[in-house]
Enquirer: 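Before we start, here is the structure in question, set down as structure tokens.
Each chain gets a letter, A, B and so on, in the order its sequence line appears, and its residues count up from 1.
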Protein chains: 2
Amino acid sequence: MSTARGARARARIEVTAAIKDEARRQLAEEGAAKLSLRAVARELGMVSSALYRYFPSRDDLLTALIIDAYDSLGETAEAAHAKVADAGPVRRWTVVCEAVRDWALAHPHEYALIYGSPVPGYTAPDTTVPAASRVGLLLIGIIRDAHQGAGVALPRLPAELEPEARRLAEDLAPDLPPAVVTALVAAWAQLYGLVGFELFGQFNRLVEDREPFFRHAVAQLGHGVGLVFPQDTGTGGRGSRSGS
Amino acid sequence: MSTARGARARARIEVTAAIKDEARRQLAEEGAAKLSLRAVARELGMVSSALYRYFPSRDDLLTALIIDAYDSLGETAEAAHAKVADAGPVRRWTVVCEAVRDWALAHPHEYALIYGSPVPGYTAPDTTVPAASRVGLLLIGIIRDAHQGAGVALPRLPAELEPEARRLAEDLAPDLPPAVVTALVAAWAQLYGLVGFELFGQFNRLVEDREPFFRHAVAQLGHGVGLVFPQDTGTGGRGSRSGS
DNA sequence: ACACAAACGAGAGCACTGCTCTTGCTTTGG
DNA sequence: CCAAAGCAAGAGCAGTGCTCTCGTTTGTGT
């Protein structure tokens, strides 16, 4: 029978998925620390020990959720990007950054799981690397296109950073100038600083209109990686010193 | 007697401090989630229920630690800043940012406690606000001095952000241009993005020479808030387009 | 000086957690 | 067809936050 080995295998897949779904539900509701194996098992009508046949430990279940979260974020960002794939680098950059923020606001606990402080005594295994890179690859692609299309300005690069910049470019995008790749990595981290601050309440009672604030900050990040924005072609306000 | 109300009160203060010390020790070793009231009590030779006379719940103990962490970070940053108080804004900016990073690397779990994902189902009470603002106030002071000393360039500010910018300036530094205050808040968030990414392992197997990387990123942040760096006075590399 | 109230430490206990081990039952593959 | 592997269930261990009760100590107002 074609599904000879499938009966059990498929059941296993289904149960595994059910566990992850229920775990994701509890994660979204209460956060990672309150995610309880026993509660998941209870909700699924099984006994807690049975759950260990599918995930050898709570941390392994969390790891599975982390990978799924990375994939969900990556997929969302890619979908948003696909809709404006024909637009200029500036618009694509903006859209991807805003997709990241939107996803984070919609899935705060999952965002916290992957970009907040790592879970207690837990270090993510290498398995998560490919899923974690999806947004980064997207941004690199955008900057690459901008570079080929002459829509990019070369950021400055101090001499002390040149070796590291060369290493980064080698690893991430050998066809791009090291200065650009370095700026991109920094912008990537800064993007998550902006999102994290908003998500974790650091902007409470401080920033109210967060969409325009974020948009502007993202535009500035774009500047950092050399993207040339439309308004830059106008009369520049930059460089005008303010006297005492 | 002068210490009539002191005997017990002082004992209380001492025990409270001992509890916090031991808790801080466990926090530094194992992280916030593995901080156990019972373990703290055990280590102090008391029974767990006795500890509830001093902290009504685990979260309250955690809150106390959070405030202490904010204070420790703020104090460290202020001390570092005091050493270069006579230097120019650029140097002071750099020193404060690096002090923040150094403190974070030295106290990773405490940093995670205050700037990572908030602890499970826990929202920081308003008590933490003053302690949390110390580094921010420091940075504002630096930019204020830079502004008065004509060492600052006005960042651009899109029209849609003007109301929010005015509000921010009103709250944080009414004597500074809204565009500067807005850029400063963004830079503040981005700084913590950089530190968090390094601390939480996002730069593992990616960025190796992190000091120069961070220095450069912080310099770029300084640009964002209008600080004019020495090398800016030279021939600019900025604006040179890269063709296809 | 005495009495009363508040603060305190200790212990038992509740409900919960992650995890292990053993016991049977069912499905699968040689 | 039968042994082996996969599986669910239950009991149990060590640990957690937190509550309640019980004497005892300490400070204070009369």
Side-chain angles (χ1 to χ4, degrees), chain A residues 1-20 22-23 25-27 29-66 113 118-123, chain B residues 1-20 22-23 25-27 29-66 113 118-123:
Chain A
M1 184 155 303
S2 67
T3 57
R5 88 143 27 114
R8 205 166 203 139
R10 197 177 52 210
R12 186 177 177 83
I13 291 177
E14 277 175 12
V15 174
T16 306
I19 292 173
K20 284 208 292 187
E22 177 58 29
R25 243 208 57 235
Q26 296 191 11
L27 173 65
E29 270 190 2
E30 302 269 23
K34 289 203 174 175
L35 170 64
S36 152
L37 276 187
R38 295 183 107 111
V40 170
R42 207 179 304 135
E43 209 69 24
L44 261 54
M46 45 167 104
V47 86
S48 71
S49 60
L51 211 145
Y52 283 82
R53 301 257 167 209
Y54 300 88
F55 295 93
S57 84
R58 185 182 178 277
D59 278 2
D60 289 270
L61 176 54
L62 265 177
T63 302
L65 292 184
I66 288 178
L113 195 59
V119 172
Y122 163 86
T123 54
Chain B
M1 187 136 323
S2 66
T3 59
R5 99 152 9 126
R8 206 168 199 134
R10 197 176 53 210
R12 184 174 180 84
I13 291 177
E14 277 174 12
V15 174
T16 305
I19 292 173
K20 285 208 291 186
E22 176 58 28
R25 243 208 57 236
Q26 296 191 10
L27 173 64
E29 271 190 0
E30 302 268 23
K34 289 203 175 176
L35 170 64
S36 154
L37 276 186
R38 293 183 107 111
V40 170
R42 206 179 305 136
E43 209 69 22
L44 262 53
M46 48 168 102
V47 86
S48 71
S49 60
L51 211 146
Y52 283 82
R53 303 260 173 209
Y54 300 87
F55 295 93
S57 84
R58 185 181 177 278
D59 278 1
D60 290 270
L61 175 54
L62 228 49
T63 300
L65 292 184
I66 287 179
L113 195 59
V119 173
Y122 162 85
T123 53

Enquirer: Report the distance from atom CG of B:L51 to atom P of C:dG11, rounded to the nearest whole Å.
Expert: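 Those two atoms, CG and P, are 15 Å apart.
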
Enquirer: Classify the nucleic acid contact of B:F55 as base, sugar-phosphate or nothing, counting any heavy atom under 4.0 Å across all strands shown.
Expert: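 Nothing, no nucleic acid heavy atom in range.
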
Enquirer: Measure CZ/A:R12 against C1'/D:dG6 and give the value in whole Å, please.
Expert: 8 Å

Enquirer: Among B:E30, B:R25, B:Q26, B:E22, find the one that has a side chain to side chain contact (heavy atoms under 4.5 Å, CB included) with B:L35.
Expert: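 So, applying the side chain to side chain contact (heavy atoms under 4.5 Å, CB included) to B:L35 and each of B:E30, B:R25, B:Q26, B:E22, only B:Q26 qualifies.
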
Enquirer: C:dA7 C1' sits how many Å from B:I13 CD1, rounded?
Expert: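 Result: 15 Å.
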
Enquirer: Please give, in whole Å, the distance from D:dG15 P to B:E30 CD?
Expert: 14 Å

Enquirer: Can you check the B:M46 CE to C:dC8 P distance for me, whole Å?
Expert: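 Atom-to-atom, B:M46 to C:dC8, this comes out as 11 Å.
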
Enquirer: Expressed as a whole number of angstroms, how long is the span from A:Q26:CD to C:dC16:P?
Expert: 14 Å

Enquirer: What does the B/S/- profile of nucleotides 16-22 of chain D look like, 5' to 3', with a 4.0 Å heavy-atom cutoff to protein?
Expert: BBBBBB-

Enquirer: Checking side chain to side chain contact (heavy atoms under 4.5 Å, CB included) between B:F55 and each of B:L61, B:V40, B:L62, B:L37, which is the one that passes?
Expert: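 In the set B:L61, B:V40, B:L62, B:L37, the residue that makes a side chain to side chain contact (heavy atoms under 4.5 Å, CB included) with B:F55 is B:L61.
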
Enquirer: What I want to check is whether the side chains of A:T63 and A:D60 have a donor and an acceptor closer together than 3.5 Å.
Expert: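 On atom types as modelled, these side chains do not qualify, holding no pair under 3.5 Å.
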
Enquirer: Tell me the interatomic distance from A:R10, atom CZ, to C:dT28, atom C1', rounded to whole angstroms.
Expert: 15 Å

Enquirer: How close do A:K20 and A:L65 get, counting heavy atoms only, and between which atoms?
Expert: O-CD2, 3.8 Å

Enquirer: Base of D:dG6, side chain of A:R8 - is there a donor-acceptor contact under 3.5 Å?
Expert: yes

Enquirer: Once you round it to whole Å, what is the distance between P of C:dG18 and CG of A:L62?
Expert: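 These atoms are roughly 10 Å apart.
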
Enquirer: Please report the shortest heavy-atom distance between A:A41 and A:S48, naming the atom on each side.
Expert: CB-CA, 3.7 Å

Enquirer: Taking A:R53 for the side chain and A:R12 for the main chain, is one N or O donor matched with an acceptor at less than 3.5 Å?
Expert: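 Here the side-chain-to-backbone pair does not exist.
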
